[in-house]
Structure formats: structure tokens, C-alpha cells
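See structure below.
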Amino acid sequence: MSWADWLNGRGPDVAPSLLGAVLTSRTDQGRVAVALTEVEAYDGPDDPASHAWRGPTPRNAVMFGPPGRLYVYFSYGMHWCANVVTGPDGTASAVLLRAGRVVHGHGLARQRRGPRVGDPALARGPACLTRALAIGREHDGIDLGSGGELSIEPGARPLGVSVGPRVGVSRAPDVAWRFWVTGDETVSAYRRSPRA
DNA sequence: TGAACGATTTCCT
DNA sequence: GGAAATCGTTCAA
């Protein structure tokens with residue numbers, strides 16, 4: 001299977017294959033790489049929890065584009081979250097990158113996250129992951145397959161994968177489209193939305 | 001034009 | 001367990 005084919009499917013189908021994949025950030029500061037341990041799927045106009053549910057807007061435009069690009073959005077007035085766009089051009093599936101294990105560049109990641117943050121927590125949680133990798137607004141729409149500042153490649157498939165409801169969503173709170181590596185210490189805690 | 005809300009994190013009790 | 005921080009997007013009027 002080619003790199004492009006890898007991501008050319010519905011979010012919920014592609015999401016489990018992203019576990020173990022390695023996301024690499026290269027800046028003039030250095031390189032940080034994480035092996036993904038937790039992801040969530042959002043599947044376009046039919047998914048009430050998706051940013052694309054109400055159709056295309058300036059914010060979610062990248063979701064409607066071709067697969068293999070990064071959709072970055074600003075959350076709670078202070079955090080950045082990153083998704084891998086999946087599905088063919090014109091559809092709006094995406095997979096939120098919720099957590100990962102830092103496999104390269106621990107020092108730089110800790111410099112970005114804070115000196116008191118332990119290894120397992122460096123990229124635990126979607127906003128922590130983007131912070132460890134220095135992902136921000138400027139990366140919205142970037143191609144992850146061209147070996148640029150950010151890239152993703154398949155990794156070793158984990159031995160065990162768990163499935164459950166997505167974290168913090170108020171709509172469709174029981175849809176089990178969250179996937180994580182069973183028992184992994186770098187996976188974030190589950191919290192149900194108070195509104196759900 | 002305004003108000004509510006959010007795919008969160010961190011700190012406090 | 002609970003609340004604050006903080007602002008772009010969305011929805012109502």
C-alpha cells in the first residue's frame with residue numbers, strides 16, 4: 001500500500017492504522033518525533049461532533065481537501081490541536097492526534113513543555129502533543145508526505161488496541177471512535193463532556 | 001452586535 | 001472534584 005493510499009479512507013477506518021505511526025517535527029531547534037498512541041476519528045458532515053458537520057468554512061477548509069494534510073485548529077482560546085486529513089478530496093474525514101510517545105528529541109520536547117514534565121506526559125493530550133512538536137497555525141494545511149517541516153510515516157502496529165467514546169465531545173458522546181494503545185502510559189485520561 | 005460554547009490544560013482545595 | 005485562563009467560531013436576535 002502506498003503512502004497516499006494509507007490515508008485515503010474514512011476517518012474511523014484509518015484511525016487505528018495511525019497508532020504506532022511516527023510524526024516528526026523538524027525546526028531549526030532540532031527534531032522531535034512521537035509514535036502515536038491515541039487518536040480520534042471525525043467523519044465529516046454526518047458526524048455531529050465534527051467541525052465539518054455544518055459544511056465547509058474558512059476554519060475547516062483543509063478537512064475537505066485531499067488526504068495526508070494536517071488540519072490545525074485553535075481551541076479554548078489557548079491551545080492548538082492537530083488532525084491528519086483522511087478520505088478522498090472533497091470529503092471531510094479527519095483523525096485527531098491526541099497523544100504519542102516521544103521517541104526522539106526528549107530534551108527539546110521538555111524545553112517546550114516544561115522542566116517538570118515527565119517523559120510519558122510530554123505528548124499526552126492533543127494540546128500537549130502540538131506543543132511538544134511546536135505545531136501551530138502556520139502548519140494548517142501542510143502536506144505530511146513531502147518530507148517537510150512535519151511528516152508522518154507508518155510505524156510498528158501496537159500489540160493491543162482499545163476502542164471507546166471520544167473525549168470531551170458534547171454531540172454524539174457515545175460514538176466509539178477513539179482508539180488507543182492498550183495500557184500505554186502516554187495515553188490521556190478519558191473525560192466525558194458535562195453537556196453530554 | 002452580542003452571548004454562549006468549545007475535539008483543553010493546569011492549578012487549587 | 002472544581003474552576004480559571006482566554007479567544008475564535010457559531011448561532012440567535
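These numbers come from a predicted model, not from an experiment. Below, chains carry the letters A, B, ... as their sequence lines are ordered, and counting in each starts from 1.
Comparing B/dC11, B/dT10, B/dA7 by their nearest atom to the side chain of A/Arg116 picks out B/dC11. For A/Tyr42, taking side-chain heavy atoms from C-beta onward, the closest of the listed nucleotides B/dA7, B/dG6, B/dT10 is B/dA7.
When Watson-Crick and G-U wobble pairs are counted only if both distances are under 3.5 Å, C/dT6 pairs with no nucleotide at all. Pairing partner, B/dA7: none, since no Watson-Crick or wobble contact has both distances short of 3.5 Å.
Counting only distance, with no hydrogens or angles, the side chain of A/Arg26 and the backbone of A/Gly148 share a donor-acceptor pair below 3.5 Å. A donor-acceptor contact shorter than 3.5 Å is absent between the side chain of A/Asn83 and the backbone of A/Leu97. In this structure, A/Glu40 contributes its side chain and A/Trp177 its backbone to no donor-acceptor pair below 3.5 Å. Looking only at distances, no side-chain donor or acceptor of A/Ser188 sits under 3.5 Å from a matching main-chain atom of A/Gly125.
Within the nucleic acid shown, A/Ser193 has no heavy atom closer than 4.0 Å to any nucleic acid atom. Among the protein residues, A/Ala49 comes within range of the nucleic acid bases, having at least one heavy atom under 4.0 Å from a base atom.
Of the residues in residues 83-95 of chain A, not one places a heavy atom less than 4.0 Å from an atom of DNA chain C.
If you measure from atom CZ of A/Arg195 to atom C1' of B/dT8, you get 16 Å, rounded to the nearest angstrom.
Taking 4.5 Å as the limit, some side-chain heavy atom of A/Trp80 sits within range of a side-chain heavy atom of A/Arg137. Using a 4.5 Å heavy-atom threshold, the side chains of A/Val39 and A/Leu19 count as touching.
When the side-chain nitrogen and oxygen atoms of A/Arg113 are compared with OP1 and OP2 of B/dT10, one or more of them lie within a distance under 4.0 Å.
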Apply the test side chain to side chain contact (heavy atoms under 4.5 Å, CB included) to residues A/Asp119 and A/His106: give CA-CA distance (whole Å), side-chain angles for both, the deciding distance (0.1 Å), then the verdict. CA-CA 7 Å; A/Asp119 277 6; A/His106 296 78; 3.7 Å; yes
Using nucleotides 4-11 of chain C, report all nitrogen or oxygen pairs with the protein that are shorter than 3.5 Å.
unit_1, atom_1, unit_2, atom_2, d
C/dT6, O2, A/Tyr76, O, 2.5
C/dC11, OP1, A/Arg54, NE, 2.1
C/dC11, OP1, A/Arg54, NH1, 2.6
C/dC11, OP1, A/Arg54, NH2, 2.9

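Judged by the 6.0 Å distance and 45° axis criteria, A/Arg166 is positioned over the aromatic ring of A/Tyr42.
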